[in-house]
There are 2 protein chains.
Amino acid sequence: MLPSQKFTAAFSAESETPRTLVENAYLALRQDIIEGKHAPGTRLRVEHLKDDYGVGAGTLREALSLLVSDALVVSEGQRGFWVSPISHADIEDITRTRLLLETEALCASIRNGNDDWEAGLVAAFHRLTKVEEKLNSTAQRMREWEDRNRGFHEALIAACDSRWLRYLIGILYRQSERYRRFALSSNVRRDIHAEHTELFEAAMQRDTKRATVALEKHIRATVDIICATPEEALQKPVRRSTRAMLAG
Amino acid sequence: MLPSQKFTAAFSAESETPRTLVENAYLALRQDIIEGKHAPGTRLRVEHLKDDYGVGAGTLREALSLLVSDALVVSEGQRGFWVSPISHADIEDITRTRLLLETEALCASIRNGNDDWEAGLVAAFHRLTKVEEKLNSTAQRMREWEDRNRGFHEALIAACDSRWLRYLIGILYRQSERYRRFALSSNVRRDIHAEHTELFEAAMQRDTKRATVALEKHIRATVDIICATPEEALQKPVRRSTRAMLAG
DNA sequence: GTCCGCTAGAATCTCGAGATTGGTGGAGAC
DNA sequence: GTCTCCACCAATCTCGAGATTCTAGCGGAC
């Protein structure tokens, strides 16, 4: 499934409209997991969820299978599905890996970027700026910010010629989104727009080193806030077997 | 699905036995795609395949969904599944990305590795050596070599503390396996065992730089052979829509 | 000769019911 | 009081049939 879905989300832009019920259920489930409506570590019972999402059991199972690939859901034969647990160690790991990949992609993008890339970046930054100027955090506006933030980060590395790099970065970005809500609910003062501006200007000036540093500071800032929150707050208790499975 | 499967293949070792029909079908399909029994770009019709693999249509669809995540299969809503096409540009991309990740993981592994890591590496190298000494290339022995080669490469980075890095490397490794058969069928002379030995000794001596160079040469050698073979030989014609989807 | 629209066929997508497996609670023995 | 065993219950896993969608081939019009 998720033909367009999967590969679009991965290798190019995520824009096509879902055509099948499986795609619908996949997108809805993914959104709910990222937003924390399904808490990390909780069970995902097919019998209950099929009613919530208005599809048959088989259809929902297929959607869950697709989420397993994204590592947002884990499953064990004959025992069912769970939302992937989260932890300090996990976000630390994700962040390090993200930095490795995104730094590389950003450098390639700066190296290869033509006028189209610059135009796309300017547009994405403008869209992001517009929404960041208004600081009220309605749920609707939050969702909008998420979209534009993703658009900005995609625009940054759009000129990277490695589709695989962009694909893997997409997976990690979605993982990071799960943690972001904790950072946003924190009361640590932080001028995200200033970080974005620095990143934008450095990229436009083709200053690889400055852009790299800005990206690292930007990504690090989020994870530092998350690691400042207690581990218990991150997720509800996890079943023993699942925890054991992921402990190694 | 593929709870153990997916995550085991990803984050730790791939050893658990499949428990459900979906897992069986997934593993069998994956093997057949990697070995080229299903040529790149060809269609995977559920109606036909369900008989070949002895499962129901729904079960096979679930297995295919899992393969979509591995990027070994692509799908498009209401139109079905295809084996992912392969190309010179793709293997080049995979190789560059692999090098970025594996180099990082190897350095981390050398940095962190304790006696257990060394022991595991010695054992894996020994197993690989035993099979490389006998150069007859039976299908059975080939399969054995594939397994031990994977074991050796996993042992190299086993002490890398980033699960995500190891997970992504696993995805890329399976992709590379699809191309290897072209390199093996080539008549270019190449002493793979010498490459492995160099890699092994450099790692054991904790010589990061030497190990990195050896790894790069090792991985590069394969892709160079593949890019020497004509593009047409790599795959059968691809459907227009699929090609268009992957062209961007 | 080229293009458009229609029709028939095939394949996908979806759903509900039955078979199989794993977890739980209580009774009984030591 | 603790451990083991067993039976019941819930949930997963699997399959086949029906509805929907896409593709291909053919005939006709320009």
Side-chain angles (χ1 to χ4, degrees), chain A residues 1-7 16-29 38 41-68 73-83 237-245, chain B residues 1-7 16-29 38 41-68 73-83 237-245:
Chain A
M1 287 323 110
L2 294 251
S4 43
Q5 182 41 41
K6 215 2 175 152
F7 252 62
E16 298 200 19
T17 57
R19 293 188 164 279
T20 68
L21 291 185
V22 174
E23 296 182 17
N24 269 318
Y26 166 75
L27 290 175
L29 262 167
H38 298 296
T42 55
R43 249 188 114 164
L44 295 169
R45 277 170 231 265
V46 177
E47 284 298 312
H48 297 143
L49 264 54
K50 77 187 175 72
D51 297 328
D52 296 345
Y53 292 90
V55 295
T59 305
L60 191 72
R61 286 181 61 80
E62 231 176 288
L64 286 170
S65 295
L66 287 165
L67 286 165
V68 169
V73 166
V74 294
S75 74
E76 195 165 352
Q78 306 285 21
R79 295 196 40 212
F81 299 86
W82 288 264
V83 180
V238 185
R239 297 176 59 86
R240 188 175 50 78
S241 51
T242 305
R243 174 180 289 152
M245 181 172 71
Chain B
M1 288 324 108
L2 294 249
S4 43
Q5 181 41 42
K6 219 352 175 158
F7 252 62
E16 299 202 18
T17 57
R19 294 188 165 276
T20 68
L21 291 184
V22 173
E23 295 182 16
N24 269 318
Y26 166 75
L27 290 174
L29 262 167
H38 298 296
T42 56
R43 249 188 115 165
L44 295 169
R45 278 170 232 265
V46 176
E47 284 300 311
H48 296 144
L49 264 56
K50 76 187 176 76
D51 297 327
D52 296 346
Y53 292 90
V55 296
T59 305
L60 192 71
R61 287 180 61 79
E62 229 176 291
L64 286 170
S65 295
L66 288 166
L67 286 165
V68 169
V73 166
V74 293
S75 74
E76 195 165 351
Q78 304 286 20
R79 294 196 42 213
F81 300 85
W82 288 265
V83 180
V238 185
R239 299 177 58 86
R240 185 176 51 77
S241 52
T242 305
R243 175 181 289 150
M245 183 171 68

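Just so we're on the same page: letters track the sequence lines, and every chain starts at 1. What you see below is based on every heavy atom in this structure, not just the backbone, and it leaves out hydrogens, waters and symmetry mates.
- The nearest pair of heavy atoms linking A:Val83 to A:His38 is CG2-CB, 3.8 Å.
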For nucleotides 15-17 of chain D, list the nitrogen or oxygen atoms of the protein found under 3.5 Å from its nitrogen or oxygen atoms, one pair per line.
| residue | atom | partner | partner atom | Å |
| --- | --- | --- | --- | --- |
| D:dC15 | OP2 | B:Gly56 | N | 2.6 |
| D:dC15 | OP2 | B:Thr59 | OG1 | 3.0 |

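- Between the P atom of C:dA11 and the CG atom of B:Leu64 lies a distance of 15 Å, rounded to the nearest Å.
- Remark: P of C:dC13 and CG of A:Leu66 are 11 Å apart, rounded to the nearest angstrom.
- Across the protein-nucleic acid pair, A:Glu76 atom CD and D:dT12 atom C1' stand 13 Å apart, rounded to whole Å.
- Inter-residue side-chain proximity for A:Phe81 and A:Arg61 is flagged as met; some heavy-atom pair is nearer than 4.5 Å.
- Across the protein-nucleic acid pair, A:Glu62 atom CD and D:dT12 atom P stand 16 Å apart, rounded to whole Å.
- One can place CG of B:Leu49 at 14 Å from P of C:dC13, the figure rounded to the nearest angstrom.
- Side-chain contact between B:Leu29 and B:Leu49 is present, with heavy atoms from C-beta onward closer than 4.5 Å.
- Between B:Glu62 and A:Ser65, the shortest heavy-atom contact is CG-OG, 3.3 Å.
- Contact annotation for A:Leu60: no contact, since no heavy-atom pair falls under 4.0 Å across all strands.
- The distance between atom CH2 of A:Trp82 and atom P of D:dA11, rounded to the nearest whole Å, is 13 Å.
- When distances are taken from the side chain of A:Val46 to each of D:dT12, D:dC13, C:dT14, the shortest belongs to D:dT12.
- To the nearest angstrom, P of C:dT12 lies 15 Å from CD of A:Glu23.
- Minimum atom distance to the side chain of A:Glu47 is reached by D:dA11, of the listed C:dT14, D:dA11, D:dT14.
- Looking at heavy-atom distances under 4.0 Å, B:Gln78 makes contact with sugar-phosphate atoms alone, never a base.
- Applying the 4.0 Å criterion to OP1 and OP2 of D:dC13, one finds that A:Arg61 has a side-chain N or O inside that range.
- Using a 4.5 Å heavy-atom threshold, the side chains of A:Trp82 and A:Glu76 count as touching.
- A search for side-chain contact (heavy atoms from CB on, under 4.5 Å) contacts involving A:Ala57 returns A:Val46, A:Lys50, not counting sequence neighbours.
- Side-chain contact between A:Leu67 and A:Leu44 is absent, with no heavy-atom pair separated by less than 4.5 Å.
- Proximity of B:Arg79 to the phosphate of D:dT23: a side-chain N or O atom is located under 4.0 Å from OP1 or OP2.
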